[in-house]
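Per chain, numbering begins at 1; letters A, B, ... match sequence-line order.
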2 protein chains.
Amino acid sequence: MSLTPAPAGAVRQGSLRELNLALVLGRIATADRPPSRADLATATGLTRATVSAVVEDLLAGRLVSESDPAPRSGAGRPARGLVLADQGPAGLGLEVNVDYLAVCVVDLVGQVRHRTVHRADLRPVAPADALARLVEMAGAAREDAARHGLTLVGAALAVPGLVDDAGLVRLAPNLGWRDVPVPALLAEHPPLIEQVPGVPALVVDNEANLAALGELHSQPPGPSSFLHISGEVGIGAGIVLDGALFRGVRGWSGEIGHLPVRPDGRPCRCGGQGCLEQYAGQEAIVAAAGLVRAELPADTATARLAELAEAGDADALRALHDAGTALGVAVASVVNLLDLDTVVLGGGYAALAPWLCPPVLAEIGARVLTAAWSPVTVRPSTLGAEAAAVGAAGSVARRIVAQPAGWLARPG
Amino acid sequence: MSLTPAPAGAVRQGSLRELNLALVLGRIATADRPPSRADLATATGLTRATVSAVVEDLLAGRLVSESDPAPRSGAGRPARGLVLADQGPAGLGLEVNVDYLAVCVVDLVGQVRHRTVHRADLRPVAPADALARLVEMAGAAREDAARHGLTLVGAALAVPGLVDDAGLVRLAPNLGWRDVPVPALLAEHPPLIEQVPGVPALVVDNEANLAALGELHSQPPGPSSFLHISGEVGIGAGIVLDGALFRGVRGWSGEIGHLPVRPDGRPCRCGGQGCLEQYAGQEAIVAAAGLVRAELPADTATARLAELAEAGDADALRALHDAGTALGVAVASVVNLLDLDTVVLGGGYAALAPWLCPPVLAEIGARVLTAAWSPVTVRPSTLGAEAAAVGAAGSVARRIVAQPAGWLARPG
DNA sequence: CGCTATTTGTTCAGCGATTGAATTATTTGC
DNA sequence: GCAAATAATTCAATCGCTGAACAAATAGCG
């Protein structure tokens, strides 16, 4: 999701204003301090007159507000700083995962204004029932958002599986879902959002993708190209290139869990052999550490591992080192291929990062030709749990920033 | 290099025309038959009046020309078809490789209008001397181009190695180059091109990247996202995503030759272990087939292999099968990661495709989770040798199509 | 042959958005 | 208290798109 305007088709007279609205608003969103109209004029290359006109539209639409006297030095009339409004449009983020449901609301600024998590084992629950429960939570979220002056303009749902363009969940193995028509199931419930031109009412996407988007938009802003790895039962990755999520031809990119790291190794349930998941997936690590999986609820497995590693347990340390090495082989492949300089460990990996990072870095150092000239950073995610839900909500809010014209054109 | 306009900064009054010039010209370039002004209006969403005005500019700048009566059926005034001009701006492509120098000229249409290849072992030649020789060839190319009514507006140089943003060749191992400042060396020679706003005078890029661009712009147009693998002494890949080359954060993407396909395998000169290059590089295949490399000039090694395989030589067939399997493991990683549906085998691999494709496809089928739903195509490159030079020249010519305003604004 | 329907391409007044210069507003420094 | 400096607004001019009317050119039909 680039912040620079990029018209797809004809550039009409009115597109001009649309593009400049996006340009100016994007600048306000990414500035590290509230810019004045004059700042925006020099930053964008537009004239002050144009910026004033554009800002007037944005103020009228309540997308930005004027902040009180901005700190300045020197003579001259003081500038009025412009900031994104903390009221107005907001995004709804939804997440179905193996052991929890999550709902959150993120505003234009990117802040989480509402958050609900419902812990439960979702594997035995029918998809329709899980979604119904989610809608219920979302209803409460909307009411809470309204109390803060926020209007939900779109929703994004994160699922740990493969999703096609139409929102059909083709396969979510760890959840036991197959060919679940999410949009159709959700359409049976009363709509929770106010439709705005240019913002899809519902986007269904892979959990790893949305978590990566969350990382992209987190504060402080990080790099615009990176790999975000979600290490859960399965291992997924979100690839962010130049500030935009790369989804692949059919939206199924990031299947890093099935990169062959030991081509003649253990058979994987995907049909292949020696997939990363067999060596660095949650179950593999737990087993290698000598823990009995049945005694560990999924959401406590990584916590228990971290506990043992912290205490110096030899089995746990070895298991983590081996997993990190396997992960490092896969990451080295990605870095060689895409020339990324940042890798973020998210999901269950975030808590295990202190033990995973060293072997991953070692493999990168040994296997990446260009690592000698420019080092690769490997760090844990800054977002906590439910990162995908936050990323989902943020992706909706970002869309308003990227295409404000739709919101401004609404009748209200 | 997208054909849809995408302004980076301010959208000023004049940008409107710039964007629509690019939009209309891009449409003319990609249409499969010469479109009329009316066709363009419906295709772009602009009014016929605007299209007429835009086309008038393009005709005046000699970027397009009217083709004689286009075949039509039915009543009505006959349309006048519009085609890209076969005169006017053209791109200069240069290539330095291990055993040849190549120069070519490609016009707006994408056709190769001039081509010179100088075969010689470049390893013992100093970079400055190699480039001087290339400039000499380019001078002849420019004169030949001028006779066809073509003006060179930019140059691109393909090098088998890592190039940074400034055009510095950091490392070209098989050529023996290290830290060669190509732009500075070329600046000592008289300029060969006419500077046009928006078109860089010289771009230096990796051979695999430019070969991929050549494939992207080849006729008939193929997919807009694919992986192009150049199998020479080293193995490089160009990644094309949504019609644009993906260069990575520092321009060093595509180092597929060093993907670990056997993490504990043979040591590689990159410092890693079990890199693809050790199993599917030209030297590895030649050695596995029982051929003595010293007796084979580099440019005949693949031809000899193909000959033997054609004749049913067991050693050659086994060597190719093993190489294809290793290649397949790497390709499976890429496809899992990027969800591409097309893989093009270029360079030395093109001639060996009949024997490489089956094992590559077998590995993909076994290791790619999504292959069951949508098959992956693996095919040889349509461009012949010196694909990188052609791609280089084409990338310059394409830039004029993508940003015609610069050419139109020139004083001439 | 002449008329009509049809499609292509051009002309032109109107209009929206940006521009650049002039103007007003507000503060600091002397 | 006044000049300098910076911020923001106002306004006529201009650029380029729009929509509708108009001119051009052909096929079909009687």
Side-chain angles (χ1 to χ4, degrees), chain A residues 5 7 9-24 28 33-60 64-82 404-405 408-409, chain B residues 5 7 9-24 28 33-60 64-82 404-405 408-409:
Chain A
V11 188
R12 354 183 44 104
Q13 191 71 240
S15 322
L16 234 168
R17 188 34 94 62
E18 279 184 31
L19 293 169
N20 283 331
L21 282 166
L23 180 68
V24 170
I28 294 173
R33 75 187 66 187
S36 67
R37 291 167 176 76
D39 292 337
L40 291 169
T42 57
T44 60
L46 295 168
T47 62
R48 291 200 303 266
T50 304
V51 171
S52 278
V54 167
V55 167
E56 195 176 6
D57 282 3
L58 294 174
L59 285 169
V64 305
S65 54
E66 290 190 318
S67 68
D68 277 338
R72 256 191 64 258
S73 63
R77 170 176 170 176
R80 273 177 290 171
L82 297 165
L408 296 177
Chain B
V11 187
R12 7 192 75 244
Q13 191 69 241
S15 322
L16 235 166
R17 183 40 85 71
E18 279 183 31
L19 293 169
N20 282 331
L21 281 166
L23 180 69
V24 170
I28 294 174
R33 74 187 67 186
S36 67
R37 292 166 175 76
D39 292 338
L40 291 170
T42 55
T44 61
L46 297 167
T47 62
R48 291 200 306 264
T50 304
V51 170
S52 277
V54 167
V55 167
E56 194 174 8
D57 282 3
L58 294 174
L59 285 170
V64 306
S65 53
E66 291 191 318
S67 69
D68 278 339
R72 258 191 62 260
S73 63
R77 170 176 169 174
R80 272 176 292 173
L82 297 165
L408 296 177

Completion exercise
Assert: residue with more 5' nearest nucleotide on DNA chain C, out of A:Gly45 and B:Ala53, is B:Ala53
Over how many whole Å does the gap from [X] atom [atom1] to [N] atom [atom2] extend?
X	N	atom1	atom2	value
A:Leu23	C:dT18	CG	P	11 Å
B:Leu58	C:dG9	CG	C1'	16 Å
A:Glu66	C:dT26	CD	P	13 Å
B:Asp57	C:dT10	CG	C1'	15 Å
A:Leu19	D:dG16	CG	P	16 Å
B:Asp39	C:dT8	CG	C1'	10 Å
A:Arg77	C:dT24	CZ	C1'	8 Å
A:Leu21	C:dT18	CG	P	8 Å

Less than 4.0 angstrom between a side-chain N/O of [X] and OP1 or OP2 of [N], yes or no?
X	N	answer
B:Thr47	D:dC17	no
B:Ser52	C:dG9	no
B:Asn20	D:dG16	no

Practice task
Side-chain contact test, heavy atoms from C-beta onward, threshold under 4.5 Å: evaluate it for B:Leu46 versus B:Leu23 and give yes or no.
Solution key: yes
How would you label the contact of [X] with the nucleic acid (heavy atoms, under 4.0 Å): base, sugar-phosphate, or nothing?
X	value
A:Ser36	sugar-phosphate
A:Arg17	sugar-phosphate
A:Arg37	sugar-phosphate
A:Ala49	base

Handout entry: Options C:dT8, D:dA8, C:dT26, nucleotide nearest the side-chain atoms of B:Ala38
Key =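 For the B:Ala38 side chain, the nearest candidate turns out to be C:dT8.
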Exercise for the section: With sequence neighbours left out, write down each residue that passes salt bridge (charged side-chain N to carboxylate O under 4.0 Å, His left out) with A:Asp57, or none if nothing qualifies. Expected result: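 Scan of A:Asp57 (salt bridge (charged side-chain N to carboxylate O under 4.0 Å, His left out), adjacent residues dropped) gives A:Arg17.
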Handout entry: Residues in salt bridge (charged side-chain N to carboxylate O under 4.0 Å, His left out) contact with B:Glu66, at least two apart in sequence or another chain
Key =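 By the salt bridge (charged side-chain N to carboxylate O under 4.0 Å, His left out) rule, B:Glu66 matches B:Arg37, B:Arg80.
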Practice task
Work out which heavy atom in B:Ala79 is nearest to a heavy atom in B:Ser36; give both atom names and the distance.
Solution key: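 Heavy-atom minimum between the residues: CB-CB, 3.4 Å.
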Completion exercise
Closest to the 5' end of DNA chain D, once A:Arg48 and B:Arg48 are matched to their nearest nucleotides, is A:Arg48
Fill in the blank from the handout: When rounded to the nearest 0.5 Å, the distance separating CG of B:Leu58 from CD1 of B:Ile28 is 6.0 Å
